Amino acid sequence: MATVVVDVMPKQEILDPQGQAVVGALRRLGIEQFSDVRQGKRFTLEVEGEITEDVLEAAREAADTLLSNPVIEEVVSVRAQQDIDSVRAQQEPPA
């Protein structure tokens, strides 16, 4: 099974009260390296079989029409997520 990941963020001109709450909480915890936080959403779409360009295009369409509100949000990425086990298998030398 493969996974397509869609990340959606508020547009820059839109206020982000959740992000502001997080940056305030970080400061209260003594973590002051961050001047701003923007909070978005992530969707993971499971795919039976291989992720093809057609699958990615369908994910982009879903992101634009259903997963995001184009008035206040932008889709920042639609990508295939590779399974960590397959990444490790590719990195290990053959036995």
Side-chain angles (χ1 to χ4, degrees):
M1 188 171 300
T3 304
V4 175
V5 178
V6 177
D7 291 315
V8 178
M9 293 294 293
K11 290 183 176 181
Q12 277 302 116
E13 61 271 15
I14 300 298
L15 295 176
D16 183 2
Q18 290 175 311
Q20 291 304 304
V22 170
V23 83
L26 289 171
R27 289 182 182 143
R28 286 189 299 281
L29 292 170
I31 303 170
E32 299 187 10
Q33 294 88 338
F34 307 105
S35 60
D36 192 28
V37 173
R38 305 284 291 171
Q39 183 170 326
K41 351 181 230 194
R42 172 171 287 177
F43 298 90
T44 57
L45 309 172
E46 299 296 322
V47 177
E48 294 293 334
E50 190 176 323
I51 297 176
T52 63
E53 189 54 43
D54 288 341
V55 169
L56 287 174
E57 185 55 39
R60 287 183 198 101
E61 183 179 350
D64 289 337
T65 59
L66 177 67
L67 304 180
S68 68
N69 177 345
V71 174
I72 60 170
E73 297 173 319
E74 61 184 341
V75 177
V76 293
S77 70
V78 176
R79 65 189 185 286
Q81 177 175 299
Q82 197 166 15
D83 180 338
I84 191 67
D85 292 332
S86 66
V87 171
R88 286 183 182 142
Q90 291 173 6
Q91 294 174 344
E92 292 176 2

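Remember, predicted model here, so these are calculated numbers, not experimental data.
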Residue that, paired with D7, satisfies salt bridge (Lys or Arg N to Asp or Glu O under 4.0 Å) out of R79, K41, R38: R79
Considering all heavy atoms, the nearest A2-G49 contact: CB-O, 3.6 Å
Non-hydrogen atoms of S68 and A63 that approach each other most closely: OG-O, 2.7 Å
V37 versus D16, closest heavy-atom pair with distance: O-OD2, 3.8 Å
4.5 Å side-chain heavy-atom contact, E73 and K11: no
Reported OG1-to-CZ distance for the pair T65 and R60, which is rounded to 0.5 angstrom: 13.5 Å
Show me, pair by pair, the donor-acceptor contacts under 3.5 angstrom made by side chains of residues 18-29, not counting sequence neighbours?
from, atom 1, to, atom 2, distance (Å)
Q20, NE2, D36, OD1, 3.0
R28, NH1, G24, O, 3.3

F43: which of L66, V78, V4, V8 passes side chain to side chain contact (heavy atoms under 4.5 Å, CB included): V8
V6 and V75, any side-chain heavy atoms less than 4.5 Å apart: yes
Non-hydrogen atoms of V47 and M1 that approach each other most closely: O-CG, 3.4 Å
Whether over 12 other heavy atoms sit under 6.0 Å from Q39 CD: yes
E50 and V55, any side-chain heavy atoms less than 4.5 Å apart: no
